Engineer: 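Handing you this structure, nothing more for now.
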Amino acid sequence: MDVKLHISFEFFSVKTQHGLEKVHAMCTELARYEPEFYSVTYGAGGSTRSSTHDLAISLQRAGFETAPHLSFGSDDQADIIALLSTYKAEGISNLVALRGDLPSGLGGTKSLVHANELVALTRQSFGTRFDINVAAYPEIHPESESYHSDLYWLGEKLRAGANRAITQYFFNADAYFRFIDEAQKVGIDAPVIPGIMPITNFLNLVRFSDNCGAEIPRWLRWQLKQRSADSEDLIRFGIDVVTQLCSRLIEGGAPGLHFYTMNNLAVTNELCQNLSLPRQL
Ligand code: FAD
């Protein structure tokens, strides 16, 4: 039996009515690729708590299967359970459960709750009501003690009850394939969906990659730097590079793609068209 390639689209939360309408329009357009869900990010430390909640609920009410991202931030267990109860009442059944990061400037004032604990709390309180996604890092989380400890903690998130992992973005397909091999060796057999970052702006990509520990290969960095003054050229080149990356991932057996859309419809659309989505595995 043919299995469908898992597709999901990620948006950041918005603060205005115009922004909300724009995301709705994007979801309407992207529905043709038959995604499993549309996810909505959660600002570091829970800083977008209400806008994430509002966008997720508004999308779900409009009939788009939504996956709010969630971390403890400054919440306690009762707050998290209350938030999840609201999501449950709204018919939301997908989540992206994270430790998250602290907003810059607050470092060290609060300890973060690891994602495996959030997954465990969700399972204890809501059984199998939610389908839970967690984060994975083919190039390894920047705070990790070692390659294998990061894999161990990914395993703990899955053993706590997560259904699948979505990766941090990367531009080196071999890092993903090696990670999958290593994960299988330690008994991780849940789907690990590659996270796909479109390339639209050189400086933003460099800044973001430095912060989250994603590597921009030297050849790619040079190519992007040379094109950085001509945004149309950079975007065209970026679409080509990312399309090739996605094709290689699909050919190599990746079970799906999660697009970090950066709320950019045109580029996401073009990537999906180039890849002839939706498609079977
Ligand atoms: P954890 O799984 O808790 O891991 C964090 C670090 O601690 C790792 O180094 C891990 O090896 C280690 N570790 C894990 N568990 C334990 C434990 N129990 N004891 C000791 N060490 C442990 N950030 C946001 O702020 N908002 C978002 O919406 C958001 N969405 C994301 C979506 C995806 C698909 C991905 C890949 C990342 C996203 N992030 C988001 C970034 C993420 O919050 C950061 O990378 C954060 O630093 C780690 O979150 P985590 O859930 O992976 O943490």
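No experiment lies behind these values; they were computed from the predicted model shown. Counting convention: from 1, in listed order, for ligands and their atoms alike. Hydrogens, waters and symmetry mates play no part in the numbers below; they use all other heavy atoms, side chains included. Starting from 1, each residue takes its place in the sequence as its number.
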Engineer: To which protein heavy atom is atom 53 (O) of ligand 1 closest, and what is the distance rounded to 0.1 Å?
Structural biologist: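 The closest one turns out to be R99 CB, 3.1 Å.
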Engineer: Could you tell me, atom by atom, which parts of ligand 1 come under 4.0 Å of a heavy atom of I166?
Structural biologist: 34 (C), 36 (C)
Engineer: Compute the minimum heavy-atom distance from G195 to ligand 1 and say whether it is under 4.0 Å.
Structural biologist: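 For ligand 1, residue contact (heavy atoms, under 4.0 Å) with G195 is absent.
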Engineer: What residue and heavy atom of the protein are closest to atom 47 (O) of ligand 1, and at what distance?
Structural biologist: D101 OD1, 2.6 Å
Engineer: If I apply the N/O under 3.5 Å rule, does S149 come out as touching ligand 1?
Structural biologist: no
Engineer: If you measure from each heavy atom of Y260 to ligand 1, is any distance below 4.0 Å?
Structural biologist: yes
Engineer: Would one find an N or O of A135, backbone or side chain, under 3.5 Å from an N or O of ligand 1?
Structural biologist: no
Engineer: I want to check a possible cation-pi pair here: R248 against F171, using under 6.0 Å from ring centre and within 45° of the ring axis as the test.
Structural biologist: no
Engineer: Applying the side chain to side chain donor-acceptor pair (under 3.5 Å) criterion to S13, which one of S51, S47, S50 satisfies it?
Structural biologist: S51
Engineer: May I ask you to identify the nearest protein heavy atom to atom 42 (C) of ligand 1, giving residue, atom name and distance to one decimal place in Å?
Structural biologist: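 For this ligand atom, the closest protein heavy atom is Y137 OH, 3.6 Å.
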Engineer: Could you list the atoms of ligand 1 found under 4.0 angstrom from a heavy atom of N116?
Structural biologist: 15 (N), 18 (N)
Engineer: Looking at atom 9 (O) of ligand 1, what's its closest protein heavy atom, distance included?
Structural biologist: H141 ND1, 3.0 Å
Engineer: What I want to find out is whether R99 reaches D101 closely enough, with some N-O distance under 4.0 Å, to be called a salt bridge.
Structural biologist: yes
Engineer: Write out the residue and atom name of the closest protein heavy atom to atom 25 (O) of ligand 1, then the distance separating them to 0.1 Å.
Structural biologist: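 Going by distance alone, atom 25 (O) of ligand 1 is nearest to Y42 O, 3.3 Å.
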Engineer: Identify, for atom 10 (C) of ligand 1, the protein heavy atom at the shortest distance, and state residue, atom and that distance.
Structural biologist: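 It is D150 OD1, 3.3 Å.
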Engineer: To check your reading of the model: name the closest protein heavy atom to atom 40 (C) of ligand 1, its residue, and the distance in Å.
Structural biologist: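 Minimum-distance protein heavy atom for atom 40 (C) of ligand 1 reads L98 CD1, 3.8 Å.
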Engineer: Taking 4.0 angstrom as the limit and counting only heavy atoms of T41, give me the atoms of ligand 1 inside it, by number and element.
Structural biologist: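 Counting atoms of ligand 1 from 1, those under 4.0 Å from T41 are 28 (O).
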Engineer: Using a strict threshold of under 4.0 Å (side-chain N to carboxylate O), is an ion pair present between R164 and E36?
Structural biologist: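 Salt bridge absent between E36 and R164.
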Engineer: Are R236 and E270 ion-paired here, with the side-chain N under 4.0 Å from a carboxylate O?
Structural biologist: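 Here R236 pairs with E270 in a salt bridge, since their nearest N and O are under 4.0 Å apart.
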Engineer: Which protein heavy atom lies closest to atom 3 (O) of ligand 1, and at what distance to 0.1 Å?
Structural biologist: H114 ND1, 2.8 Å
Engineer: Below 3.5 Å, N or O to N or O, backbone or side chain included: is there any such pair between A136 and ligand 1?
Structural biologist: no
Engineer: Counting the benzene-type ring for Trp, do H6 and F37 have ring centres under 6.0 Å apart?
Structural biologist: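 Yes, close enough.
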